[in-house]
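What follows is a short report on a single structure.
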Amino acid sequence: MICVSIGRGRHRHMIAEHKHLVENGIRLVELRLDYIQGEVQVRRLLRDRPCPVIVTCRRKSDGGRWEHSEEARQTLLRTAIVEGADYVDLEDDIAAGVPRYGSTKRIVSLHDFQKTPADLTLLHKRLASMDADVVKVAAMANHPTDNLRMLQMVHASKVPTVGICMGDIGVPTRILGGRFGAPFTYATFNDDRVLAPGQIGWRQMREMYRYDSITAATRIYGVVADPVAHSLSPVVHNAALAAAGIDAVYMPFRVPAEQLDEFLSAASRWPLAGLSVTIPHKEAVLKHAAHTDDLVKSIGAANTLSFAADGITAANTDAIAAVESLVAALQGDERATSDGLGLKTTLVLGAGGAARAVAFGLKKKGVEVTVTSRTADRAKKIAAEVGCKSVEWAARQRMPYDGIVNATPVGMHPNVDESPYDKEHLRPYMVVFDTVYNPENTLLIKEARSAGCRTVTGVEMFVRQAAIQYRIWHGAEPPPQVMREALKRATASAKQPL
Ligand code: NAP
């Protein structure tokens, strides 16, 4: 079950949000009395409540907003109990002093904004011993394995327990609580008004992560990156899983570079079924792979991991997706042949992971590739590995090419007024491919269209690389249009025919 926390300054706004949530199918809300400005009228909030409530009044030291005396706070909580609130949240230092009364259930809670305590079992025992109907632990995650410890505590407990790791490292505990036996998870009313670090909006929790249909059998997938909050992979994969009715969920795993080895070594304890891999882990994951194909070996980087009893299999779907995107764009072009792309020469801008994958993919298709990068040495290195040419960044526009591929972040949101290639050098015979997908219509793409070039957007590559991952993981044909639409909605790009 999803419990939505409502924190509003006015009673009428809190009541209106409560009503709205119930009309939308929410069956439990948390009323955060500490957000109310002025005198709190508990009876007014509870009187005609449309669904069960948890009454919480959080001190500043526990992440709340309560500014008045502790005595007044505890009086409010006792009043809520007398008024028959369904649940009342009592912090561990006051729970023993507030006796059980009537039918109100007691949530005994602990908050730690610094760390996830080392001995969660002992902590849980102490909280449960305070006549708890529900134990709640919300603690900051500093390490991805904090999540596992928290979820294992939830799983092992006899008293219903909500265990949440805060911060963006802790997001998986919010999504997977039910899978490990938690009675509910907390979500916010509004995506932009989070009441605790790492909280997710209720719509996203319900519609994107399908929280209520996650069970112990649900397979776990995700994207491992640092940072990861901006990733649109959860949007695309979850939309596809929902459309196909596959019992799996896909989530962001923020894993700092120095913690990757430990995270992957613990994969079977979640258990993880598959991961997309992005910056900065694409190369570092390889040493964990028991199986790699020739493409991964030659590129030296993987963006897809599959977990099985006989070890991890690493794949690279970026290179294939880039080539497939160009093939689709060149369909009907008189230059295209059955085995070749129809591009004789192509300039790849950038020398990172995407550039490397694109350069390999194009070279394999017989294209004469030239790589250019702001940092000349990186371009030279890729050129040596791929067996192609490199050119100085300042000289990138001196020679004409059939194809131009942007594999730098130039033009990406919020720097939407930038382009890595001047429009004066664009020619109608060129195919211009921008791997940036947010926004879809970058300045480079817009200027290329104006110059009469064929264009390929990063949305097309992104959907294709995700679709290949889907095939690898689920052994089924993905719904590309569902994925494309989900990505476009998320980037709020204008509808464009692909
Ligand atoms: P990366 O490994 O960090 O490499 C980024 C490259 O861009 C480096 O060569 C970097 O040069 C260059 N660069 C960065 N800022 C620049 C600037 N202001 N001017 C000129 N060059 C600049 O990143 P990546 O994984 O290759 O990803 C690059 C881009 O590709 C991403 O931003 C993303 O939009 C896109 N991408 C798209 C897809 C897709 O499916 N559509 C998939 C993967 C990536 P230095 O070495 O000098 O820093």
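Ligands are counted one by one from 1 in listed order, and the atoms in each one are counted from 1 as well. All values below come from the heavy atoms of this structure, side chains included, with hydrogens, waters and symmetry mates left out.
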Next on the checklist: Among residues at least two apart in sequence or on other chains, which ones pass salt bridge (charged side-chain N to carboxylate O under 4.0 Å, His left out) with Arg219?
Outcome noted: none
[Y] versus [X], side-chain donor and acceptor atoms under 3.5 Å:
X: Asn303; Y: Thr317; result: yes
X: Arg449; Y: Asn441; result: yes
X: His288; Y: Asp261; result: yes
X: Asn406; Y: Thr408; result: yes

Look at [atom] and say which protein heavy atom is nearest, naming residue and atom and giving the distance to 0.1 Å.
atom: atom 5 (C) of ligand 1; answer: Pro409 CD, 4.1 Å
atom: atom 19 (N) of ligand 1; answer: Val410 CG2, 3.4 Å
atom: atom 47 (O) of ligand 1; answer: Thr375 OG1, 2.4 Å

Heavy atoms only: which of [options] lies closest to [atom]?
atom: atom 1 (P) of ligand 1; options: Gly352, Ala357, Ser373, Ala354; answer: Gly352
atom: atom 33 (C) of ligand 1; options: Leu232, Thr435, Val348; answer: Thr435
atom: atom 39 (C) of ligand 1; options: Arg464, Met461, Gln465; answer: Met461
atom: atom 15 (N) of ligand 1; options: Arg374, Arg396, Glu460, Arg378; answer: Arg374
atom: atom 6 (C) of ligand 1; options: Ser325, Ala407, Ala355, Ala301; answer: Ala407

Item to check | Side-chain heavy atoms of Arg149 within contact of Asp146, under 4.5 Å | outcome: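 SC-SC contact between Arg149 and Asp146 confirmed.
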Checklist outcome for this item: dist Lys446:NZ -> Glu440:CD (nearest 0.5 Å) comes out at 11.5 Å
Next on the checklist: If I take atom CD1 from residue Ile6 and atom CD from residue Glu17, how far apart are they, to the nearest 0.5 angstrom?
Outcome noted: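 Result: 5.5 Å between the selected atoms.
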Distance filter under 4.0 Å to [X] heavy atoms, resulting ligand 1 atoms:
X: Gly458; answer: 41 (N)
X: Trp393; answer: 20 (C)
X: Val436; answer: 34 (O)
X: Gly350; answer: 9 (O)
X: Met412; answer: 32 (O), 34 (O)

Checklist entry - Does even one non-hydrogen atom of Pro420 get within less than 4.0 Å of ligand 1? => result no
With only distance considered, is [X] within less than 3.5 Å of ligand 1 through an N or O on each side?
X: Ala351; result: yes
X: Tyr437; result: no
X: Lys282; result: no
X: Ile279; result: no

Next on the checklist: Please identify which of these residues, Thr304, Asn316, Asp318, meets the side-chain hydrogen bond (donor to acceptor under 3.5 Å, both in side chains) condition with Lys282.
Outcome noted: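 Filter result, single survivor: Asp318.
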Next on the checklist: Ring centroids only, cut at 6.0 angstrom: are His474 and Tyr221 within range, meaning strictly under it?
Outcome noted: yes
Item to check | Short side-chain to backbone donor-acceptor contact, Asp62 and Arg58, under 3.5 Å | outcome: no
